[in-house]
Amino acid sequence: MEKTSSVIEERIKKGQKLKSMGINIYPAGYRSDITAGEAVERFGNMDAETVEKESKSYAMAGRIMALRDFGKASFIHIKDGTGRIQAYIRKDRISEDKFKIFKLMDLGDFIGIRGSFFRTRTGELTILAEDIALLTKALRPLPEKWHGLTDVEARYRQRYLDLIANDDVKEVFVLRSRIIQAIRDFFIKKDFLEVETPMMQPIPGGATARPFKTFHNALGMDLYLRVAPELYLKRLVVGGLERVFEINRNFRNEGISIRHNPEFTMLEFYMAYATYEDLMVLTEELFNHVLLEIRGTNVIEYQGETIDFSPPWNRISLIDSLKDMADVSDEVFKGREQAVEFAEKCQISLSERDGHGKILAKLFDHLVEPGLIRPTFIIGYPTEISPLSRRNDETPDIVDRFELFIGGREIANAFTELNDPVDQRERFESQVALREAGDKEAQFMDKDYVTALEYGMPPTAGEGIGIDRVVMLLTDSPSIRDVILFPHMRTKQV
RNA sequence: GGGCCGUUAGCUCAGCUAGGUAGAGCAGCGGACUUUUAAUCCGUUGGUCGUGAGUUCGAUUCUCGCACGGCCCA
């Protein structure tokens, strides 16, 4: 049994009183003529006299966010999806019954008001009520008006309260939607086809990550929530869909942090006849398009750092970045042993399974990544840690791949796709060996995918971009939880 | 998984150092007030102090475990 606070009891009583007066406290619908935003747009620039001359009677609806009571009159703030407007309710302007109903309304209730606009003595655009209607009774009080809701746990668990109390939170999610729309527009204009591929996969592929496992009762088989859509999107390229993209959720059964949520949104796109070098240019173009669309500039502030997105962005190989930005000596690149020794000196934990390439990548993660604030393409990844990427023609132990770093974080991963089925089978086999040796993140053999490659995939390049992290950058949000409406939390035991 | 910090009224926070069973502001309730802007003025209700144990005559306060959350590390 949940305890009922006196504040709630008080509101329940008011609801009962209203019901006894014959008032439906949860009526259906309400026809309004104007929103708060439209009212400001229409009358915002008019002087007091003009407002009164021009304003007809309008109906508007919203939530009562502030209430200043003078006994026989009240000022209230009404908030709707477009903004906030003040209403003035006078006893001598509405019927006695309606005034009684109004007196039983609380902060947080939804109200419908009919009236005409005027300007108050202090100049605020205000609707003078001729008629009011209770649209929904709120039984619980809203968070405090001045400080809002600051308890982080409550903000995430009860996001609706966060949205009611904190206007800037809503703004983040409006921007999130616009960012995704801008990305979608960009690809549609470039003749990409938006597709949807399975979230539930019999073999989880396309990324080095631990999957969530589930079970399909009717088929009697295990299924995995996808860690990436990659292998399905490339099957589509085999099928002749030469430019495809998908913006959707991936699931990774890993830790939760300021930049990881178990489910997160990924953009992946594939472009036949392109190379990873083409994608670097395309990526610069994409970000500049989105930034211009959303922020009107390609220079932004993120957590106190200024980030300039003007192309071209710096390109540097993984090895050179370690040499130049972390003073790693040449020795470390000569062999695994030297790299192990150096990593241990840096107190970076390794696994016995880690090959030379994996160790270099770990060194990079610790020593270089946090410092890559300006957009930077890191190229020249070891083949060992890139089982789906095409080998570099000159240096087969690296691949034609880049990762993009902005604000000290990985934002994108792209490569020219491996379309040689024989090489692909061998790469899968070495992943399987790693898995058998205990690496839970290693990839699975996907024979059907190899079969698809045997039919022939045209030379193709593909890229994945972490949408949540892009939204973090563009909304100056420090945590991924700030850009995900309902971030994952442990269920609270009562 | 480890370290540090937090959890007190519906919300925002004091109180805990030096143990004597809780305070403020907002919201609520009662009253005054028909142009206010966090309205104002007078009065007032509301708390198993996250949870379980221990120490103690006595624990919101000290100790330990647990739960949930935050940050950092792995």
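By convention in this document, chain letters (A, B, ...) are assigned in the order of the sequence lines, proteins followed by strands, and residues within each chain are numbered from 1.
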Quick one: is [N] close enough that its OP1 or OP2 comes under 4.0 Å of any side-chain N or O from [X]?
X         : N      : result
Arg157(A) : G69(B) : yes
His77(A)  : A38(B) : no
Arg490(A) : A67(B) : no
Arg481(A) : C71(B) : yes
Arg11(A)  : G28(B) : no
Arg90(A)  : U34(B) : no
Arg68(A)  : A39(B) : yes

* **Gap between atom CD1 of Ile78(A) and atom CG of Asp109(A) - 0.5 Å precision** =>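 Spacing of CG (Asp109(A)) from CD1 (Ile78(A)) equals 11.5 Å.
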Measure from [atom1] on [X] to [atom2] on [N] and round the result to the nearest Å.
X         : N      : atom1 : atom2 : value
Glu144(A) : A38(B) : CD    : P     : 13 Å
Lys145(A) : A38(B) : NZ    : C1'   : 5 Å
Asp151(A) : U8(B)  : CG    : P     : 8 Å

* **ring-ring contact (aromatic ring centres under 6.0 Å, His included) involving Phe99(A) - partner list, sequence neighbours excluded** =>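 ring-ring contact (aromatic ring centres under 6.0 Å, His included) list for Phe99(A), sorted by chain: empty.
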* Asked: Quick one: ring-ring contact (aromatic ring centres under 6.0 Å, His included) partners of Phe364(A), sequence neighbours excluded?
  ->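 Phe405(A).
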* Which sits closer to the 5' end of RNA chain B, Lys14(A) or Thr150(A), going by the nucleotide each is nearest to? ->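 The residue whose closest nucleotide sits nearer the 5' end is Thr150(A).
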* If you pin Glu10(A) and Gly255(A) to their nearest nucleotides in RNA chain B, which one's is more 5'? ->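 Of the two residues, Glu10(A) wins.
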With rounding to the closest Å, how many angstrom separate the [atom1] atoms on [N] and [M]?
N      : M      : atom1 : answer
U48(B) : G3(B)  : P     : 32 Å
U55(B) : G65(B) : C1'   : 15 Å
U45(B) : A38(B) : C1'   : 22 Å
C57(B) : G47(B) : C1'   : 25 Å

* To do: May I ask you to verify whether the side chain of Gln86(A) and the base of U36(B) hold a donor-acceptor pair under 3.5 Å?
  =>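 Yes.
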* **base_contact_polar (U35(B) base, Arg121(A) side chain, donor-acceptor, <3.5 Å)** =>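 Per atom types, no contact qualifies.
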Strictly by Watson-Crick or wobble contacts shorter than 3.5 Å, is anything paired with [N], and which nucleotide is it?
N      : value
C62(B) : G54(B)
U7(B)  : A67(B)
G46(B) : none

* Ring-on-base stacking between Phe75(A) and U36(B), under 5.5 Å between centres and under 30° between planes: is it there? ->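 So yes, this residue stacks on that base, both cut-offs being met.
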* Sidechain N-carboxylate O distance under 4.0 Å for Lys362(A), Asp365(A) ->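 No salt bridge links Lys362(A) with Asp365(A).
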